[in-house]
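In this text the structure is predicted, and so the values were computed from the model without any measurement.
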Amino acid sequence: MIVWINGTHGVGKTTTSSLVQQLLPGSRVFDAEMVGVTLMSVTPGLPETDNFQHWPPWRPLVVETARRILDYTGGTLVMPMTVLVEPYWREISTGLADHGIPIRHFVLHADQGTLRERIAGDTVLGPNSPFRLRYLEPYAEAAATWLRREAEFVDTTHLTAAEAAQRIAEAVER
(Lines give C-alpha, C1' and ligand atoms only; values in the text may rest on other atoms or scores of the structure.)
Protein backbone atom coordinates (compact mmCIF):
# COMPACT_ATOMS: atom_id res chain seq x y z
CA MET A 1 0.00 0.00 0.00
CA ILE A 2 0.98 3.60 -0.51
CA VAL A 3 0.11 6.35 1.94
CA TRP A 4 0.48 9.49 -0.20
CA ILE A 5 0.79 12.68 1.83
CA ASN A 6 -0.03 15.68 -0.33
CA GLY A 7 -0.37 19.38 0.48
CA THR A 8 1.31 22.61 -0.41
CA HIS A 9 4.99 23.26 0.11
CA GLY A 10 5.76 24.08 3.73
CA VAL A 11 2.67 22.45 5.26
CA GLY A 12 4.71 19.71 6.99
CA LYS A 13 4.59 16.70 4.67
CA THR A 14 8.17 15.55 5.26
CA THR A 15 7.99 15.86 9.05
CA THR A 16 4.58 14.21 9.22
CA SER A 17 5.62 11.41 6.87
CA SER A 18 8.55 10.38 9.05
CA LEU A 19 6.21 10.30 12.05
CA VAL A 20 3.60 8.25 10.14
CA GLN A 21 6.35 5.79 9.19
CA GLN A 22 7.17 5.31 12.87
CA LEU A 23 3.51 4.54 13.61
CA LEU A 24 2.94 2.04 10.78
CA PRO A 25 4.87 -1.20 11.26
CA GLY A 26 6.68 -2.37 8.14
CA SER A 27 6.52 1.00 6.44
CA ARG A 28 9.17 3.09 4.71
CA VAL A 29 9.30 6.68 3.46
CA PHE A 30 9.94 7.26 -0.24
CA ASP A 31 10.15 10.91 -1.27
CA ALA A 32 9.26 11.09 -4.96
CA GLU A 33 11.12 14.39 -5.13
CA MET A 34 14.30 12.31 -5.37
CA VAL A 35 13.10 11.11 -8.78
CA GLY A 36 12.96 14.77 -9.80
CA VAL A 37 16.43 15.37 -8.38
CA THR A 38 17.72 12.47 -10.48
CA LEU A 39 16.13 13.95 -13.61
CA MET A 40 17.65 17.35 -12.80
CA SER A 41 21.10 15.72 -12.84
CA VAL A 42 20.80 14.65 -16.49
CA THR A 43 23.43 16.39 -18.62
CA PRO A 44 22.98 18.19 -20.79
CA GLY A 45 19.86 19.18 -18.95
CA LEU A 46 16.32 18.35 -19.87
CA PRO A 47 14.15 21.13 -21.34
CA GLU A 48 13.81 24.17 -19.09
CA THR A 49 10.93 24.06 -16.60
CA ASP A 50 10.01 25.63 -13.29
CA ASN A 51 8.87 22.27 -11.89
CA PHE A 52 10.31 18.83 -12.61
CA GLN A 53 6.79 17.36 -12.42
CA HIS A 54 6.20 18.89 -15.87
CA TRP A 55 8.81 16.56 -17.36
CA PRO A 56 6.90 13.60 -18.84
CA PRO A 57 9.34 10.97 -17.48
CA TRP A 58 8.84 12.03 -13.85
CA ARG A 59 5.38 10.57 -13.33
CA PRO A 60 5.94 7.07 -14.75
CA LEU A 61 9.32 6.91 -13.01
CA VAL A 62 7.60 7.66 -9.68
CA VAL A 63 5.14 4.84 -10.36
CA GLU A 64 7.84 2.41 -11.42
CA THR A 65 10.15 3.26 -8.53
CA ALA A 66 7.37 2.89 -5.96
CA ARG A 67 6.26 -0.39 -7.53
CA ARG A 68 9.78 -1.78 -7.51
CA ILE A 69 10.37 -0.76 -3.90
CA LEU A 70 7.12 -2.45 -2.82
CA ASP A 71 7.91 -5.56 -4.87
CA TYR A 72 11.26 -5.76 -3.09
CA THR A 73 10.25 -4.86 0.47
CA GLY A 74 6.51 -5.30 0.77
CA GLY A 75 4.79 -3.28 3.46
CA THR A 76 3.70 0.30 3.10
CA LEU A 77 5.36 3.24 1.39
CA VAL A 78 4.71 6.63 2.91
CA MET A 79 5.18 9.17 0.12
CA PRO A 80 5.31 12.88 0.93
CA MET A 81 4.87 14.76 -2.34
CA THR A 82 2.97 17.81 -3.48
CA VAL A 83 0.94 17.10 -6.62
CA LEU A 84 -1.40 19.95 -7.53
CA VAL A 85 -2.02 19.18 -11.22
CA GLU A 86 -4.96 16.82 -11.53
CA PRO A 87 -3.82 15.09 -14.76
CA TYR A 88 -0.47 14.37 -13.09
CA TRP A 89 -2.25 12.81 -10.11
CA ARG A 90 -4.41 10.76 -12.48
CA GLU A 91 -1.34 9.46 -14.29
CA ILE A 92 0.36 8.46 -11.04
CA SER A 93 -2.68 7.00 -9.30
CA THR A 94 -3.80 5.10 -12.41
CA GLY A 95 -0.28 3.75 -12.92
CA LEU A 96 -0.16 2.48 -9.34
CA ALA A 97 -3.68 1.02 -9.61
CA ASP A 98 -2.67 -0.77 -12.83
CA HIS A 99 -0.06 -2.58 -10.71
CA GLY A 100 -2.64 -3.43 -8.05
CA ILE A 101 -1.16 -1.03 -5.50
CA PRO A 102 -3.77 0.52 -3.22
CA ILE A 103 -3.33 4.19 -2.33
CA ARG A 104 -4.55 6.15 0.66
CA HIS A 105 -4.29 9.78 -0.40
CA PHE A 106 -4.15 12.38 2.37
CA VAL A 107 -3.83 16.14 2.14
CA LEU A 108 -2.27 18.10 4.96
CA HIS A 109 -4.27 21.31 4.95
CA ALA A 110 -3.98 24.60 6.80
CA ASP A 111 -5.71 27.89 6.22
CA GLN A 112 -3.86 30.49 4.13
CA GLY A 113 -2.99 32.65 7.14
CA THR A 114 -1.42 29.71 8.97
CA LEU A 115 0.48 28.64 5.85
CA ARG A 116 1.85 32.16 5.40
CA GLU A 117 2.95 32.25 9.06
CA ARG A 118 4.69 28.88 8.71
CA ILE A 119 6.43 29.95 5.51
CA ALA A 120 7.49 33.23 7.15
CA GLY A 121 9.20 31.26 9.91
CA ASP A 122 10.58 28.52 7.67
CA THR A 123 14.05 27.35 8.71
CA VAL A 124 14.51 24.93 5.78
CA LEU A 125 14.27 27.24 2.74
CA GLY A 126 14.43 30.43 4.80
CA PRO A 127 11.80 32.96 5.75
CA ASN A 128 9.19 33.78 3.10
CA SER A 129 10.55 31.36 0.52
CA PRO A 130 9.39 32.62 -2.91
CA PHE A 131 9.20 28.97 -4.03
CA ARG A 132 6.79 28.04 -1.25
CA LEU A 133 4.76 31.24 -1.55
CA ARG A 134 4.35 30.69 -5.31
CA TYR A 135 2.36 27.49 -4.68
CA LEU A 136 -0.18 28.89 -2.21
CA GLU A 137 -2.67 29.92 -4.89
CA PRO A 138 -2.38 26.76 -7.01
CA TYR A 139 -2.80 24.74 -3.81
CA ALA A 140 -5.90 26.71 -2.81
CA GLU A 141 -7.43 26.06 -6.25
CA ALA A 142 -6.66 22.33 -6.17
CA ALA A 143 -7.86 22.02 -2.56
CA ALA A 144 -11.17 23.65 -3.43
CA THR A 145 -11.77 21.38 -6.40
CA TRP A 146 -10.28 18.02 -7.37
CA LEU A 147 -8.29 17.31 -4.20
CA ARG A 148 -11.54 17.35 -2.20
CA ARG A 149 -12.80 14.46 -4.33
CA GLU A 150 -9.53 12.54 -4.38
CA ALA A 151 -8.11 12.74 -0.87
CA GLU A 152 -8.79 12.67 2.84
CA PHE A 153 -8.05 16.07 4.36
CA VAL A 154 -6.24 16.47 7.67
CA ASP A 155 -6.55 20.07 8.81
CA THR A 156 -3.25 20.89 10.49
CA THR A 157 -4.11 24.50 11.31
CA HIS A 158 -4.26 23.65 15.01
CA LEU A 159 -2.44 20.28 15.02
CA THR A 160 1.16 19.37 15.65
CA ALA A 161 2.89 17.13 13.12
CA ALA A 162 2.65 14.28 15.65
CA GLU A 163 -1.12 14.75 15.96
CA ALA A 164 -1.53 14.83 12.17
CA ALA A 165 0.59 11.68 11.85
CA GLN A 166 -1.52 9.94 14.49
CA ARG A 167 -4.72 10.77 12.60
CA ILE A 168 -3.30 9.45 9.35
CA ALA A 169 -1.96 6.25 10.93
CA GLU A 170 -5.30 5.61 12.65
CA ALA A 171 -7.18 6.13 9.38
CA VAL A 172 -4.85 3.74 7.55
CA GLU A 173 -5.19 1.07 10.23
CA ARG A 174 -9.01 1.19 10.20
Side-chain angles (χ1 to χ4, degrees), residues 1-40 51-53 58-59 61-86 88-89 91-93 95-97 99 101-111 114-115 117-119 121-126 129 131-132 135-136 138-140 142-143 146-148 150-174:
M1 165 190 286
I2 289 177
V3 175
W4 194 288
I5 300 180
N6 203 342
T8 194
H9 302 282
V11 75
K13 294 179 303 300
T14 301
T15 301
T16 302
S17 292
S18 72
L19 295 168
V20 168
Q21 184 274 322
Q22 294 170 31
L23 295 170
L24 295 177
S27 66
R28 291 174 167 72
V29 174
F30 166 51
D31 188 344
E33 185 169 339
M34 294 301 107
V35 174
V37 170
T38 298
L39 290 172
M40 288 188 293
N51 185 332
F52 58 72
Q53 292 184 17
W58 181 77
R59 298 172 302 278
L61 284 171
V62 166
V63 170
E64 187 63 16
T65 305
R67 179 182 77 86
R68 295 288 179 150
I69 292 169
L70 286 172
D71 283 351
Y72 182 61
T73 64
T76 299
L77 277 185
V78 180
M79 295 181 63
M81 187 71 218
T82 300
V83 177
L84 302 178
V85 178
E86 185 176 9
Y88 296 177
W89 175 252
E91 187 175 345
I92 292 167
S93 61
L96 293 167
H99 291 292
I101 302 169
I103 306 167
R104 289 293 296 271
H105 185 190
F106 294 90
V107 170
L108 297 183
H109 177 79
D111 63 54
T114 300
L115 287 170
E117 285 176 25
R118 290 177 184 172
I119 292 169
D122 184 7
T123 58
V124 176
L125 294 183
S129 159
F131 173 80
R132 288 186 171 174
Y135 285 95
L136 288 179
Y139 167 73
W146 72 271
L147 278 174
R148 288 279 172 200
E150 296 292 325
E152 302 170 60
F153 273 59
V154 177
D155 190 331
T156 67
T157 302
H158 302 291
L159 296 180
T160 65
E163 291 167 329
Q166 186 67 42
R167 288 189 185 185
I168 292 169
E170 288 172 359
V172 169
E173 290 177 331
R174 275 188 235 131

Mind checking what makes salt bridge (charged side-chain N to carboxylate O under 4.0 Å, His left out) contact with [X], not counting sequence neighbours?
{"X": "Glu33", "result": "none"}
{"X": "Asp155", "result": "none"}
{"X": "Arg28", "result": "none"}

> Is the His9-Tyr139 ring centre distance short of 6.0 angstrom?
Replying inline: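 Ring-ring flag for His9/Tyr139: false, centres at least 6.0 Å apart.
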
Report yes if some heavy atom in the side chain of [X] is under 4.5 Å from a heavy atom in the side chain of [Y]; otherwise report no.
{"X": "Val172", "Y": "Met1", "result": "yes"}
{"X": "Val107", "Y": "Val154", "result": "no"}
{"X": "Leu61", "Y": "Leu39", "result": "yes"}
{"X": "Val20", "Y": "Phe106", "result": "no"}
{"X": "Arg167", "Y": "Leu159", "result": "yes"}

>> Measuring from atom NE2 of His158 to atom OG1 of Thr114, what distance do you get when rounded to the nearest 0.5 angstrom?
In response: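 Spacing of NE2 (His158) from OG1 (Thr114) equals 6.0 Å.
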
> Can you tell me how far the CE atom of Met81 sits from the CH2 atom of Trp58, to the nearest 0.5 Å?
Replying inline: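 CH2 of Trp58 is found 4.5 Å from CE of Met81.
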
> Per the side chain to side chain contact (heavy atoms under 4.5 Å, CB included) rule, which among Thr8, Thr16, Thr82 passes with Leu108?
Replying inline: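 Filter result, single survivor: Thr16.
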
> Among Leu77, Ile69, Thr76, Val78, whose side chain to side chain contact (heavy atoms under 4.5 Å, CB included) with Ile2 holds?
Replying inline: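 It is Leu77, the one option of Leu77, Ile69, Thr76, Val78 that forms the side chain to side chain contact (heavy atoms under 4.5 Å, CB included) with Ile2.
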
> Looking only at heavy atoms, what is the nearest atom pair of Leu84 and Ala142, with distance?
Replying inline: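 Taking every non-hydrogen atom into account, O-CB, 3.8 Å.
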
>> Which heavy atom of Ser129 sits nearest to which heavy atom of Leu125, and what is that distance?
In response: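 So the two residues come closest at OG-CD1, 3.6 Å.
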
> Yes or no on salt bridge (Lys or Arg N to Asp or Glu O under 4.0 Å) for Glu64 and Arg68, after CA distance, side-chain angles and deciding distance?
Replying inline: CA-CA 6 Å; Glu64 187 63 16; Arg68 295 288 179 150; 2.7 Å; yes

>> Check whether Arg59 reaches the backbone of Gln53 with its side chain - one donor and one acceptor, N or O, closer than 3.5 Å.
In response: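 It does hold such a pair.
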
>> Is it true that, when you exclude Arg118 itself, more than 12 heavy atoms of the residues, nucleotides or ligands shown sit nearer than 6.0 Å to its CZ?
In response: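 It does: Arg118 CZ has more than 12 such atoms within range.
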
>> Regarding Asn51 and Tyr135, do their side chains bring together a donor and an acceptor under 3.5 Å, going by distance alone?
In response: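 On atom types as modelled, these side chains qualify, holding a pair under 3.5 Å.
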
>> In terms of relative ring orientation, are Trp146 and His105 parallel, tilted or perpendicular, with 30° and 60° separating the classes?
In response: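 Tilted: the ring planes of Trp146 and His105 meet at 30° to 60°.
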
